Every structure is written in structure tokens, then in C-alpha cells.
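A short worksheet on the structure shown next.
The figures here come from the full heavy-atom set of this structure, side chains too, leaving out hydrogens, waters and symmetry mates. Throughout, a chain's letter reflects where its sequence line sits, starting with A, and its residues are numbered from 1. The structure displayed is predicted, hence computed values, not measured ones.
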Amino acid sequence: MGEVRCEQCGSLLQDGECPNCGVTESPWTLRRIPTLAVVFAALLIGGFSFTRLIVSDFESHRKEIASRWFHRGNRALEASNPSAAVDDLENAVAYDQSEVPYRLQLSEALVSSGRLEEARARLRSLREERPGDARVNLQLARLAARQEDISNAERYYEAAIFGAWDDPQKANSSRMLVRKEFAKLLLSVDQTQKAASQLVAISAELPRDAGAHAELGEMFLNASDPQRATEEFNLARNIDHHANVAPGLARAALAMHEFSNASKWYAEALRANPNDAELKRESQSVGLVLQIDPFQQGLNSKEQAARVMRAFEIADRRLQSCFAASSGSASNSAPQKNNNQSKQVQSYIRWSGELRPHMNERKLRGQDDVQENAMRFVFQSERFASAQCKEPAGDEDKALLQLSRQRWMAQ
Amino acid sequence: MSSTPTPATTPVRRKYFDSLRQLLGSTGLISLREEQFFLVLAILIGVFSGLLVVLFRVLIEVARWALLGTGLKPGFPRVVWVPAVMGLVIAVVVIKFLPRVRGSGVNQTKSALYIYDGYIGVDTVIGKFILSALAIGSGQSLGPEDPSLQIGAGLASFVGRKLKLGRERLRLIAPVGAAAGVAAAFNAPITAVLFVIEEVIGRWSAGILGAIVLSAISSVVVERWFLGDAPLFRIPTYHLEHPSELLAYATLGVIGGIASFVFVKLIGYLRLKLRAWPQWTHYLQPALAGLIIGAIAVRFPQVMGAGYEYIDQAMHGRFPWELLGILAGLKILATVLSFSSGTPGGLFAPTLFIGAMLGGSVGLVEQHLFPQLTIPVGAYALVGMGTLFAGILRAPMTSVFMMLEISGNYSIIVPVIISNAISYLISRTLHPTPIFDMLSRQDGLDLPSLEEERELAILRVEDAMKSPAVRAMLGEESLGTAQQLARATQQPFLLVSMGGERWSGITREELLQIDGDPGISLETILNLRLPVLHPDQSLDIAMRLVDDWPIVPVVHRANSRQLVGVIAISDILSAYRRRNGKH
């Protein structure tokens, strides 16, 4: 170790103690700090470098193993063997927890093998880590929808729509697809207003594609928004003149009680799809409405009077049959309700009785106020009958009801 | 340091070191005191322990790939023969060359601290590193945390010896390394600090706390740097919906306490039995344990190794309650076999595994019986881990903080505390000796234990002091007044309050013999300074301070001139005798 001198006075230490000032020798470690610093620095650099080397090799090997299991799991999933896929994907996740696709695929496999609760637990834990991840929220939304947990499904779909997508360039198209999926779910549970608001958001970003606009039009139609449906069908038609949107336009026109337009589109649709029974039936009912409508433009007074008389007869018959049916079941209903109902029926029958003397062609011709009064009776009694009894079975009654709704909407 | 440099390099090296010394000296870096140096050393030990633990974990994983394959479910027949053959290999190496490598490593570290002056051999560290990795990697039902603790402690011991630290420092450095090892293994510094205090040092010691904290934190930083900072387990956030849910956790505490008792009892029994068998059977015991574990693993591969992957799966509702219950039972069996056979490896991970499975099982049964309970199974599994940790290892504080750290979930704390406390109390009642104390006694060692220290009532000064027979004099009083008081009493020693916290005293005889101006004050005559005690201080402290003073004043904490009692060495000894039942 050599000679050691006092740190204060520089005298030679004897037995570790300064003969001059009595200071004792500090441990050798404290006297060799620079040496130790160099040694430790070298060991640290060496240790870190070696560990870095080993760990990076180890990590890459782990990732490779994880990837192998992942692909094996995918193959098993594609081969409709979800149980094997779960095992393989669990291996993949055990080797690489950081890969979100592995964990998502594992939950997908769990869902496929019917282990919904497990899938939910895994996804929820993933969501804890990545609350804003759109894919995780989307999987959770689908799972909730599958479990008929609509309120959670809505929450997760919205989180997916506003969440972060891995590929920013595809984010908008992905969001649109999620909105569409969400809207379909909402439509399936009759939440048409919420669905319509999703569809409006989609329409703002929809690419110039006839098929996409046509599909959106159909969805608007299902969401009881025929106006926007018509706009989308027209857009599709503008983009591609051959786009098959006539059935949609016809149904939208029918939903808006634009019977002439509807008839025109049905005709075009039937030219393209002559064997479509549904279209034929709808077209015929629109035709009947047009045949029965006394307010159609271009009718002469004779024809108009004849149509009013015909409508009056149909409505009166429907009222009588409804009255007979409700009298039969009156004993089973509450007395108070029966009383009100029968008073209303009596008033309609009285009204019918007042009108009946005027129901001949000569008296009706040119008597616009009488015609108006008669048709008011027709529409109101049809609506009353369909409310009290049930939707009419006869085509003519249906046509009148359609007309009455059109009139009611117009008012 | 003693090697002689060659003549050619000497001037260069000297010049280099001189300039470095100047540089560091000017920045004040080399003017470290020994305490400061120890703290710096603690950080370095933490860093190096962190590196070693990272490599240890890598080695375990690589051993597993090589021995059992990369799938979580090893194929047959490898699953049966690998643990058996590796068990035989490990047994031969341990018995022939490295007998100190046996067991978990906690008691070995404790022995180093209390018996071997902090000595843990390098061969033990290397052996523990390799053999534990092979044992765990080959599927023996053991964990890597306790070996990490011993590896950290061994590294610290080696560094301390190389730096020629004094005996006291050398003793203390092993727990510093131990804390670093556990911290890196669990990625949980608070847990490591608490565990080392509760289980390794066995007492609260403020002197070493700073070094332990520094080493634990630095090792965790290193571990996170290399392996990431994700918590060990990922569970969905838990919220206590209704206080009645706590009853469910209390039930888990009861079941966990009983399971802990069974586990400790089985280990205690089987370890002794196996040791009593002929020496040649010791070579075969790990192999036999491996064979049985392999046979179990054909149907239940979850029982092999540390089992962290399966804990994660249990937390995510992967297993039905029946399977969880079976896995808890089989893991108890597998761990008891592996550990009792002397295979090197730890108990922490198996404890957590058993707890998670048991917790999950109890949780699912409770959910089935009481559908209104909305607690996720992951929360039960997490609480179950803490419950078994508290019951088996009897480290209640460690168990609570561990659950917070390994899950990163603070909302679970109330259920964890309730369940752990119940399990701890049941386990303590059924089996008063904690597992590590039981193991050390089986090895013929008697090591201190915080758990047993808790049992001992602490005696305080107030338990031994007597009321003062005569009032204390004041330093301002005159010699004449003091002599009058002395004549009026037969007390041989009189106390004088000198102001502030200063107290002095004088024998009655000396006081009466002073021949001087009766008007001078006592404070001008007396220069003796007595130690002062307070009623709440422990008798251990009093023993050190009383020394050979006839009596020592016991004063009020709020008013140090107010004498509340006096105490002598005979009073202290009487109090100890009374506590021990000897009068």
C-alpha cells in the first residue's frame, strides 16, 4: 500500500494515526476513490454492454417465437379450429404482451370458441392500458353487441369512432366502416334516430362511389329518413347512371307519400327487375292509391265524384266491420274505455249518415265542400279504424290509409 | 492493488491518476465520508444486482425453451423426463460441489448477515444463478425471486470483501444486495425494501434503510431499462361497489389462512422426513420430485415452473372454479415436493400462483352463490396472491405493498388489507413459527425474526422507574439550601436540574463535605452531566444510558426540568426479571 501521509499536515502516519495532529487514517477505499471510480465505470460499461447484447438478442428471439405462435394461431382460426387457435395465441401473448394485434386476435379466438367472458376480461384489461385504442374499443363493442348489451356497445362504438387508429391514412375509412356497423346495430334495435345521426356523419365523408351512396340511401330509408335516402340515391345515380337505385327511390317516394313519383320509379325498377315479386306488389299498391285518389290533378268532375263515392263506401264498410268487431269484444274491455270508444264510433256513424244522402254523382259534381267533407270523413274514419281495430287487410283500405297519412302529413 | 506496475507504464499511470485525483478533488467527489461512500456503493450494488437479475431471468427463459420447448404446454414425453433428469443433475452438483445452493436463499442471506459476517461465497452465487435457472426452467415448481435475493446479496458480499469493508459494513451490505435482487425480480422496490426489513434483517433499522432503498431503486431502474416497466400482472381496474363485497374477501382470507397453514405444515413435515432418509436417496429426491411434477403436468402443465403466465390467465377468467381449485392443490403438492427435496429455487412465485388460483376459485364460487356480487375474478386472484403471501411468508406489510406494486392498482388496497390480515392471523394462530424460522431451525440455526419479535412485549422506562424520593434541586439554588435538603434526607444521590436539558447530580456525602460560601449557586460547583431518559423510551436504550450512574433522571418530554421518576440499573434488571416471571 506504500507510505500514507496525514491528509491535514502531511506527516507520515504511524499505525494509521498522525503523530502531529492525531487524525486517523481513513479506510483505503476512501483513499482510492479515483481508482475505484475508474474500475466501477469500466465494470458498468462492460456490464451494461454485455446485458444489452444478451437482452436484445433474447427479446428478438422472444418476438420471433411470439410471431410464430401468432401465425400458427391465425392458421388455426382460419381452419375453423378456435380452440387450438386460443392455445397458440395464448403462447404468442405470453411471449409478447406488447403486441396489441396478438391480444386482439386472442380475444377474437376466444369469442369464436364461445368463451365470451374470457374475451371480455382480456379486452377490458387491454382497454385499461390503451383506453383510446380504436381497435380495442371496436372489439369490445362487437362483443357487447353479441351479448345484447346495447348501452355498452354504444359506448364502445363511440370510443372506437373517436379513438386512435394505427394507420392515420386509413383512419377515416376505418371510422366510416365502424359508424356503418354501429348504425346497423342501432337499426336492428329500432334506435332509428341515433342511427340516422351516424348516417349523416357518414354521408359527409363518403367517397364518390355509387355503390356506397346507394347503400347509405338504403340505410337512411331503414332509419325512416326518406328525404336523405332520396338524396343519396340521386347522388349514386349522378355518379353512375346505371346504378340500380330505382327501387330505393321508389320506396323513398312511397315513404314520403309522393305516389306519382313512386309509381314512376317502380315502373323503372320493374323494367330492370321484372321478376321481383316484392317490387310488383309495392308497385300495385301505389297504382291503387293513384286510382283511388280523388284529389289527383287532371281528373274531370265526374271522375272525381266517382272516386269520392268509392272512397266513402270503402271507409264506411271498414267502419262498420270495425264497429261490429269491437262490439263483440266489448265485454272483455274496461267499461270506461268502451264508453269513449262507442261514443266515437257513434259520432262517425252519425257523420256517415249525414253524408250518405249526398253520395250520388250528380249531387257531388261541382260541390267541392261536400267532397272535401266526405274525404275528411274517409281519412279520419280509416285512421280511427286502424287505431281501434288493426291495420286493414284489403288493398283498397290500405291505399286509403296511405292517402290519409299523406293528407295528414301535408296538413 | 498490490501488484507492481512495470517501469514503462508507471509514470503514465501515476500521471493519469494524479490528474484524475485533481479533477475529482476539485469537484469534491473524492472527499466522501465513509457513510456517503456506503450509500454510493449501495447504488452501484443495486445497478449490478439489477444487471445480474436481468440475466438470471433471461437464463431461466432460455433454459425453459431449451428443455421444455416454447409452448406453454410442453409435449409428452419430454414433460415427464426433463424435470426428472434435470433434478438428478442438479442434485449431484448441489450435493457434491455446492451444498450452500440448496433452498430458497432467504435464510442463507440471513445467515450471512447474522452468523458469517456478511460472507456469501462467489461459488454460491454462481451456483444459485445457474442451478436455480435450470431447476425452474426444467419445470420444478419453484420461483426466481428468492434466488435473486441471494444473488444480489452474494454480489454485495463479494464487492464488500473486495473493497475490504469493515466487519459491520460487510454484514450490512448483504441485505443491501438482497433488496436489490428482490426489487429487480419483482419490479417492485417498496416490496423489496419491506421484505428485506421484515424477513432478512428481522428488525427495523434506520441506519441501513437509506442504503437498502437506494439499492432497491437503482436495481429496479436497471431492470426496467432492460425489460420494460409494465407491472407483473394486468387486471382491469377494480372498484368497490358495495361494502358487503368485503365479506367476500374476508371469506377468501379465512380460506387463504387455512391453505397457508397446510402448505407450511407440509413443507415442515416433508423436508424433515426427506432429510432423515439415507444420504444416497438425497441424490434421487429432486429427480423423484421432478418425475411426479412431470406426471402431473401431462394433464395440468400449469403447475410447472414459476407459473406467471397462468396467473395472468386465471386473472382473465381462463379457468373454471373447479380447475382453479385443483391447480391450487396441485401447486401446493408440487412446490412442497420441489422445495423439500432440496432443489434450489424460491417460494415466492409458487405462493403467488397458489394464491391466485385459490382466489379465483373462491371468487367464482362466491359469484355463483351470490350473483349480485360483481367483483371481477381478476380482483379475487390478485387479493388471493396477497392473502397467501401474508399467510405463508408472514410478511404482512410486504404482502400489501406487493399487491399494489405488481398490479399498479391502488383501488384494491382495502380488500387486500382485510384478506391479508385475516389470513395472517389464522396462519399465525395455527402455526406460530413462520416458515423461514422453521426452515432455519430445521437447519440448526437460530436467526432473529421480526415476526417473533412482535410477540415480545417491549418494556419501557415507565415500567421500571421509581417515583423520586426527594425533590430535584435546581442549579440556581444556593449551596446552603442544598446542604439543608441533604441533611433532611437519607438518599445517597441527589439530582440537580441545571436548566434546559442539562441534569447533574452529586452524592449526599460529597455535598455535605463541601466547605465553601453557602450563598454560591450549585451550577457553579457541579460540572457532572447526567444522561436523561423519558418514560416512553425502551429499557434497552435505558440500559445503555444508565451505565454505572447510581440513578438517572426520567423527565417529562414537554418540560425537561420536570422530574417524573428516577431509574437505576437494578430497577431495569428487576423489570426484565418480572417480565420473564422471575422475582
Student check: side-chain heavy atoms of [X] and [Y] closer than 4.5 Å:
{"X": "B:Met315", "Y": "A:Arg122", "answer": "no"}
{"X": "A:Glu118", "Y": "B:Gln313", "answer": "no"}
{"X": "A:Asn91", "Y": "B:Thr70", "answer": "no"}

About how many Å separate CD of B:Glu61 and NE2 of A:His61, when rounded to the nearest 0.5 Å?
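Output value for this atom pair is 10.0 Å.
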Can the ring centroids of A:Phe58 and B:Phe226 be said to lie less than 6.0 angstrom from one another?
no
So does [X] have more than 12 non-hydrogen atoms from other groups sitting under 6.0 Å from [atom1]?
{"X": "A:Trp165", "atom1": "CH2", "value": "yes"}
{"X": "B:Glu322", "atom1": "CD", "value": "yes"}
{"X": "A:Phe70", "atom1": "CZ", "value": "yes"}
{"X": "B:Arg299", "atom1": "CZ", "value": "no"}

Chain B heavy atoms under 4.5 Å from [X]: which part of the residue, side chain, backbone, both or neither?
{"X": "A:Phe48", "value": "both"}
{"X": "A:Asp88", "value": "neither"}
{"X": "A:Arg127", "value": "neither"}

B:Val159 portion near chain A, given a 4.5 angstrom heavy-atom threshold
side chain
Please determine, among [options], the option with the most heavy-atom pairs under 4.5 Å with chain B.
{"options": "A:Leu44, A:Ile54, A:Leu43", "value": "A:Leu44"}
{"options": "A:Trp69, A:Phe40, A:Tyr95", "value": "A:Tyr95"}
{"options": "A:Glu117, A:Glu90, A:Glu59, A:Arg120", "value": "A:Glu90"}

Toward chain B: residues of residues 132-154 of chain A with heavy atoms under 4.5 Å
none
A:Leu36 vs B:Leu163, test: side-chain contact (heavy atoms from CB on, under 4.5 Å). Steps then yes/no.
CA-CA 9 Å; A:Leu36 288 175; B:Leu163 293 178; 3.3 Å; yes
Identify every side-chain donor-acceptor pair in residues 37-55 of chain B under 3.5 Å, counting partners at least two apart or on other chains, and give the distances.
unit_1  : atom_1 : unit_2  : atom_2 : d
B:Ser49 : OG     : B:Ile45 : O      : 2.8

